[in-house]
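Comments concern the structure below.
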Protein chains: 2
Amino acid sequence: METALLSRKDQIDHTATVLFRARGFAATSMRELATALGIEAGSIYSHIRSKEEILHRICFRLADQFFAGFEDATQNNTLPIADSLRRAIESHVQVLTADVAASAVFLHEWRHLSEPARTEFLALREQYEAGFRQLLINGAETGTLYAPDPAFASLTLLASLNWLPTWYAPGGKLAPADIAHRLANQLLFGLEVREN
Amino acid sequence: METALLSRKDQIDHTATVLFRARGFAATSMRELATALGIEAGSIYSHIRSKEEILHRICFRLADQFFAGFEDATQNNTLPIADSLRRAIESHVQVLTADVAASAVFLHEWRHLSEPARTEFLALREQYEAGFRQLLINGAETGTLYAPDPAFASLTLLASLNWLPTWYAPGGKLAPADIAHRLANQLLFGLEVREN
DNA sequence: TTTTCTTGCTAACGAACGTTAGCAATGGTA
DNA sequence: TACCATTGCTAACGTTCGTTAGCAAGAAAA
């Protein structure tokens with residue numbers, strides 16, 4: 001097979017991602033997935049070992065992308081912290097919007113991973129969140145960010161970002177870069193009218 | 001039966017809420033639910049008509065609570081808009097934290113409602129979000145809130161709030177009122193250091 | 001006392017589930 | 001040409017699913 005841009009395995013991952021997002025992992029049957037691919041249920045197992053393996057790949061691939069983006073965004077530590085934070089926010093939004101379906105699965109379906117994958121996944125997520133938290137802590141300590149409770153603030157910050165896959169649709173009015181910019185502004189400046 | 005504080009039906013709803021939150025609606029079996037209640041699977045059907053009926057009650061009960069809270073918070077239209085918004089935020093957080101499990105189900109499991117309930121639910125949610133959006137629009141028009149794109153801002157605002165059930169645990173360091181206050185501050189003032 | 005409501009049981013139904021075994025066609029590679 | 005990886009099929013497996021029928025015990029209501 002030369003014509004296909006994606007290997008059959010990648011097609012399976014992609015189609016499964018869309019279905020997992022729309023119906024949830026548990027409510028998506030292998031027969032539904034097969035139908036969406038235009039083949040029979042048993043045929044899928046020529047390419048994968050189990051249903052959960054698909055979920056595993058989706059979740060950990062996204063985790064890799066979030067980490068790589070964050071590293072890239074924050075590696076220049078001569079930048080003001082607010083700028084690093086802005087870059088990290090933009091990177092997060094970029095990963096989210098590059099594959100909304102996969103992001104939604106990453107955010108909501110990881111609980112259906114069985115051990116030990118589930119624990120590994122949660123450790124990665126915690127590590128990633130710690131990166132944001134540390135940015136806010138550094139900013140608060142050096143007086144460049146206003147964050148009386150950096151741990152709390154980082155939760156709220158990631159919350160605003162992670163809700164994005166529930167409403168973002170590619171090709172909409174706002175491009176991903178616009179969204180990232182507005183989100184960063186709103187989170188940094190707030191809704192209150194500025195006096196100065 | 002006189003001794004029970006909750007009717008058996010309410011016990012079923014409550015136990016199901018916890019399980020639906022932890023495992024998801026589709027991945028929770030009636031036999032699991034029965035075991036958690038200390039009875040047999042078939043016995044549940046002396047009290048309910050179907051599994052989905054439980055989900056339906058949970059989702060629409062929460063919707064009622066969100067609406068009631070919002071009405072109460074915003075009925076006084078002599079208040080400055082920022083104050084109304086703050087009160088609406090506090091109400092939302094109060095409903096979320098009063099029953100975290102039910103809130104998580106409300107936020108994530110409604111997709112497993114079948115038609116027409118699913119459409120009805122989404123209409124209610126949209127109506128509720130429109131309430132917040134209108135507050136921001138009014139605030140922006142009267143110059144009391146800084147929101148260049150009120151629709152976008154209201155999405156971000158609700159995002160920050162709705163992520164709460166993923167990490168909030170009753171009895172933690174922060175009381176619900178504290179959380180509401182901090183959230184409102186962070187959303188209104190932002191993370192940037194204020195010059196004035 | 002008779003009736004009715006609540007609560008629960010056992011046993012089973014048909015359907016759907018994830019997965020496997022065994023076989024076959026195709027097309028690139030040696 | 002011979003080989004082999006890819007891809008797919010049919011048929012079936014054992015399990016679990018939501019749900020129902022029929023029956024029964026106890027408490028409350030008439």
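Letters A, B, ... are given to chains in the order of the sequence lines, protein chains preceding strands, and every chain is numbered from 1. Predicted model only: the values in this text are computed from it and were never measured.
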Practice prompt. For the side chain of B:Arg8, starting at C-beta, report the closest nucleotide among D:dT19, C:dG8, D:dG8.
Written response: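 Of the options given, the side chain of B:Arg8 lies nearest C:dG8.
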Looking only at side-chain N and O atoms, does [X] come under 4.0 Å of OP1 or OP2 in [N]?
X: B:His47; N: C:dT7; answer: yes
X: B:Ser29; N: D:dT16; answer: no
X: A:Tyr45; N: C:dT19; answer: yes

Which whole-number value in Å describes the distance from [X] [atom1] to [N] [atom2]?
X: B:Glu52; N: D:dC17; atom1: CD; atom2: C1'; result: 15 Å
X: A:Ile44; N: D:dT6; atom1: CD1; atom2: C1'; result: 16 Å
X: A:Arg49; N: C:dG18; atom1: CZ; atom2: C1'; result: 16 Å
X: B:Glu40; N: D:dA21; atom1: CD; atom2: P; result: 19 Å
X: B:Lys9; N: C:dC5; atom1: NZ; atom2: C1'; result: 14 Å
X: A:Gln11; N: D:dG8; atom1: CD; atom2: C1'; result: 13 Å
X: A:Asp10; N: D:dT7; atom1: CG; atom2: P; result: 10 Å
X: B:Ile48; N: D:dG18; atom1: CD1; atom2: C1'; result: 10 Å

Worksheet item: Are the charged groups of A:Glu52 and A:Arg118 less than 4.0 angstrom apart, N to O?
Response: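 Salt bridge: no.
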Item to complete: Could you tell me whether B:Glu126 and B:Arg133 make a salt bridge, using a distance below 4.0 angstrom between a side-chain N and a carboxylate O?
Response: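 Here B:Glu126 pairs with B:Arg133 in a salt bridge, since their nearest N and O are under 4.0 Å apart.
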Worksheet item: Would a hydrophobic clustering, with Ile, Leu, Val, Met, Phe, Trp and Tyr connected at side-chain separations under 4.5 Å, put A:Leu157 with A:Ile137?
Response: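 The answer is no; the residues belong to distinct hydrophobic clusters.
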Item to complete: Would you indicate whether the side-chain heavy atoms of B:Leu62 and B:Val105 approach each other to under 4.5 Å?
Response: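 The answer is no; the side chains never approach within 4.5 Å.
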Worksheet item: Quick one: are A:Tyr146 and A:Leu136 in side-chain contact, heavy atoms under 4.5 Å?
Response: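 Result no, sub-4.5 Å side-chain heavy-atom pair not found.
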Discussion item. Once you apply a heavy-atom cut-off of 4.0 Å, does B:Ser46 come out as touching a base, just sugar-phosphate, or nothing?
Written reply: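 Contact class for B:Ser46: base.
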Worksheet item: Closer to the 5' end of DNA chain D via nearest nucleotide, is it B:Met30 or A:Leu37?
Response: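 Residue closer to the 5' terminus by nearest nucleotide: A:Leu37.
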